[in-house]
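So that the names make sense, note that chain A is the first sequence line, chain B the second, and so on, each numbered from 1.
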2 protein chains.
Amino acid sequence: MDKTDKTGGVPVPTVADVAAAAGVSTATVSRCLNSPGVVSEKTLKKVLEAVDRLGYAPNFSARALASNRTNMIGAIIPTMENAIFARGLQAFQEELQKNGRTLLVASSSYRSDLEEEQIRALTARGADALLLIGYHRDSRLYEFLEKRRIPYVVAWAYDPAKPHLSVGFNNRAAMRQLADEVIGKGHRKLACISADTAENDRARERVNGIRDAMEAAGLDPASLDIIETSYAIDAGDAAFRALVGAKTPPTAVICGNDVLAVGALRAALALGMNVPEDVSITGFDNIELAGLAPVPLTTVHVPHRRMGQFAAQALLAALGGTPPPHSTELPAELCLRATLARAPAG
Amino acid sequence: MDKTDKTGGVPVPTVADVAAAAGVSTATVSRCLNSPGVVSEKTLKKVLEAVDRLGYAPNFSARALASNRTNMIGAIIPTMENAIFARGLQAFQEELQKNGRTLLVASSSYRSDLEEEQIRALTARGADALLLIGYHRDSRLYEFLEKRRIPYVVAWAYDPAKPHLSVGFNNRAAMRQLADEVIGKGHRKLACISADTAENDRARERVNGIRDAMEAAGLDPASLDIIETSYAIDAGDAAFRALVGAKTPPTAVICGNDVLAVGALRAALALGMNVPEDVSITGFDNIELAGLAPVPLTTVHVPHRRMGQFAAQALLAALGGTPPPHSTELPAELCLRATLARAPAG
DNA sequence: ACAAAAAATGTAACCGCTTACATTCAGTTT
DNA sequence: AAACTGAATGTAAGCGGTTACATTTTTTGT
């Protein structure tokens, strides 16, 4: 306690100071803080009293070094910009906090190369476990994590065939359900605005879900017009204009997420079309925006908060050992609003 | 390299391994990584070669313990739920990343007690610097940070009178500007839906801005109906209903942020009112939602991304020493859309 | 009351890295 | 060639905790 820290700040008390103040050894202080059960009532009280008299707080770097765990959990998400992951991330963080863990965040901007970099960066930083979005990534990375014994959970997707711990929903089935609904309304000429499907398994599965529905309904899946673009309102707007400019414009445009759908909707209205009378538009995610759009969006409700919370619990279980973590499939439910209606006659 | 890590994972190479492989001392390895300038070309190459042959990555906890800096920067924001802080936080993180720092996140749910807890938690975790939102907090906390010599930046607000490093805009002046515009449209009976002003200086300043405008226009500031509520769409909806139920309902409802405004707008439309013919509604922030609401929202545009980026730069400067950091006032500009119009005759 | 078992506490090594200081080495200067 | 530099490298002492193991204290059984 008598030495000032390197930056000239105020001296910060250490275990040794607390030990001295309480008249015990540093080991006992450490035990009082980490496994209070094994020390006697009397010393526990004595030590805790000293702790808060001195305002002691353990140095996490030292603790991390000695115990080989940082109590930090990393999350690598495609973006924090819009609400797609924000709610889930918030829930994830709340759950971690409740359990004394801290959240490390990095964003990959939907790029695999950046994601890889971030995974390595966060593990180097000592993240005890990781939250990852979707399954698509180089198998090298999965091997890296397995070798290092770093627990991870794949969220926002659920595929029982995949060997990874995951918490999410079946993107393909959810979109299939929505597409069934669309087709049930008499739409025959469908189009789709999607994120890049090459590196984004959720986007890919959603498109597959549409194809499944078409096939089941006797429509040719190849007749589905697909535009792949980035997840932005303007991109949705532009894509929609391209689609309706085609020789046989679709009567329904199924979008890979709500952001694209809102962009498409904006374009439709700007072009003087009536939604849903002239064209139906659907989204995916059910972010706040969806219910508040100029025409409330028909979409698929994704259980953001529960996903975040369950993902945190799964990782904590994986770290703590008990009970063993298990993958969880959460339901994604149709959310029917105003942008979907019967196909115009013709 | 011959010992396996505690969890039974694969052995992770250490400086000692690299040193042995390169035939130098650990000090030299450390220097190659941290100040390559002071070692000879030859050894540098030798060491770097060994580093990537062994796949060595420094252990950050050890590094942090030894060097007394973690290269992690903490951000404590009220919420990640909606887009209010998300864009800024994303920009903040990008800038940190570009400079080899990692972002630690905690959210306070707009509660001072939780914020205090988080500030202490993140500093205990070793955050080298902190991003804080707004000025309002116990002076004990500021003293704590000063004593510990932990740089911090206050963002989303800018008040030259405050002694803290800050990056943001003048909430009062920005709202004043908007209120001037509202009053200029002939509105005389104003109301305001705000977040709690007791613990939220940004909310408070915004309300003060409205009062400034009223005073300047010869209106009695005391005639401003204020409802304080939480930042949620439903809260805005409920507050609006309460306001229009009064004996002399306002012709313009100025909301503390876009989320509240969208709620108010929803309520107005649900009540069968025409916006802006029957009532004007304004927001604040210009989040994505604002431009896409059923009636596009008149609001104040806040430079989210630049704030995040500048805040990061200011902290990096404070840590690096050069150049010395300085507070920055960014402009917040009026964003006139459809929800504001002339007051109805009467 | 005494030995044995159990519980509580202390001692000290170690986690992996940085860095002050000591040492070595190569190049100048005289 | 000796003495003197300054640059490059090595040695080893921490950084602040945790924890295996040793030791002391308390409890239990007879």
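Out of C:dT9, C:dG16, D:dG10, the shortest distance to the side chain of B:Val15 is found at C:dG16. Taking only side-chain atoms of B:Ala66, from C-beta outward, the nucleotide of C:dT9, C:dT18, D:dG17 with the closest atom is C:dT18. Here D:dT18 is the nucleotide among D:dG10, D:dT18, D:dG17 with the atom lying nearest to any side-chain atom of A:Ser67. Side-chain proximity of B:Leu65 to C:dC17, D:dC15, D:dT18: nearest is D:dC15. When the nucleotides C:dT9, D:dG17, C:dC17 are ranked by their closest atom to the side chain of B:Pro58, C:dC17 comes out on top.
A donor-acceptor contact shorter than 3.5 Å links the side chain of A:Arg125 to the backbone of B:Asn71.
Of the residues near DNA chain D, B:Ala62 and B:Leu44, the one whose nearest nucleotide (by heavy atom distance) lies more toward the 5' end is B:Leu44. Nearest-nucleotide mapping onto DNA chain D: of B:Val38 and B:Ala27, the residue sitting toward the 5' end is B:Val38. Along DNA chain C, the nucleotide closest to A:Thr26 and the one closest to A:Lys42 are compared, and the more 5′ of them pairs with A:Lys42.
Spacing between atom CZ of B:Arg69 and atom C1' of C:dT18 amounts to 13 Å, rounded to whole angstrom units. Between the C1' atom of D:dT9 and the NZ atom of B:Lys46 lies a distance of 10 Å, rounded to the nearest Å. Between the P atom of C:dC15 and the CG atom of B:Asp17 lies a distance of 11 Å, rounded to the nearest Å. As rounded to whole Å, 12 Å separates atom C1' of D:dG17 from atom CZ of A:Phe60. Regarding A:Leu33, its CG atom lies at a distance of 12 Å from the C1' atom of D:dT18, rounded to whole Å. Distance B:Arg31 CZ to D:dA7 P: 14 Å, rounded to the nearest Å. In this structure, the CD atom of A:Glu41 is 10 Å from the P atom of C:dA8, given to the nearest Å. The interatomic distance linking A:Arg63 (CZ) with D:dC15 (C1') rounds to 16 Å, in whole Å.
Contact annotation: B:Thr28 reaches the phosphate of D:dG10 (side-chain N/O to OP1 or OP2, under 4.0 Å). Neither OP1 nor OP2 of C:dC15 sits under 4.0 Å from any side-chain N or O of B:Ser61. Neither OP1 nor OP2 of D:dC15 sits under 4.0 Å from any side-chain N or O of A:Asn59. Not one side-chain nitrogen or oxygen of B:Ser30 sits closer than 4.0 Å to the OP1 or OP2 atom of C:dT19. Contact between the side-chain N/O atoms of B:Thr14 and the OP1/OP2 oxygens of C:dG16 is not found at any separation under 4.0 Å.
Relative ring orientation between B:His164 and B:Tyr142 is described as parallel, the plane-to-plane angle staying below 30° on a 0-90° scale split at 30° and 60°.
Between the side chains of A:Tyr56 and A:Thr14, no donor N or O sits under 3.5 Å from an acceptor N or O. Checked by atom type, the side-chain pair A:Glu94/A:Gln309 shows no donor-acceptor distance below 3.5 Å.
Under a 4.0 Å N-O distance rule, the pair B:Arg111/B:Glu199 does not qualify as a salt bridge.
Exactly one of A:Leu315, A:Ile73, A:Val154, A:Thr123 qualifies for a side chain to side chain contact (heavy atoms under 4.5 Å, CB included) with A:Leu130. That residue is A:Thr123.
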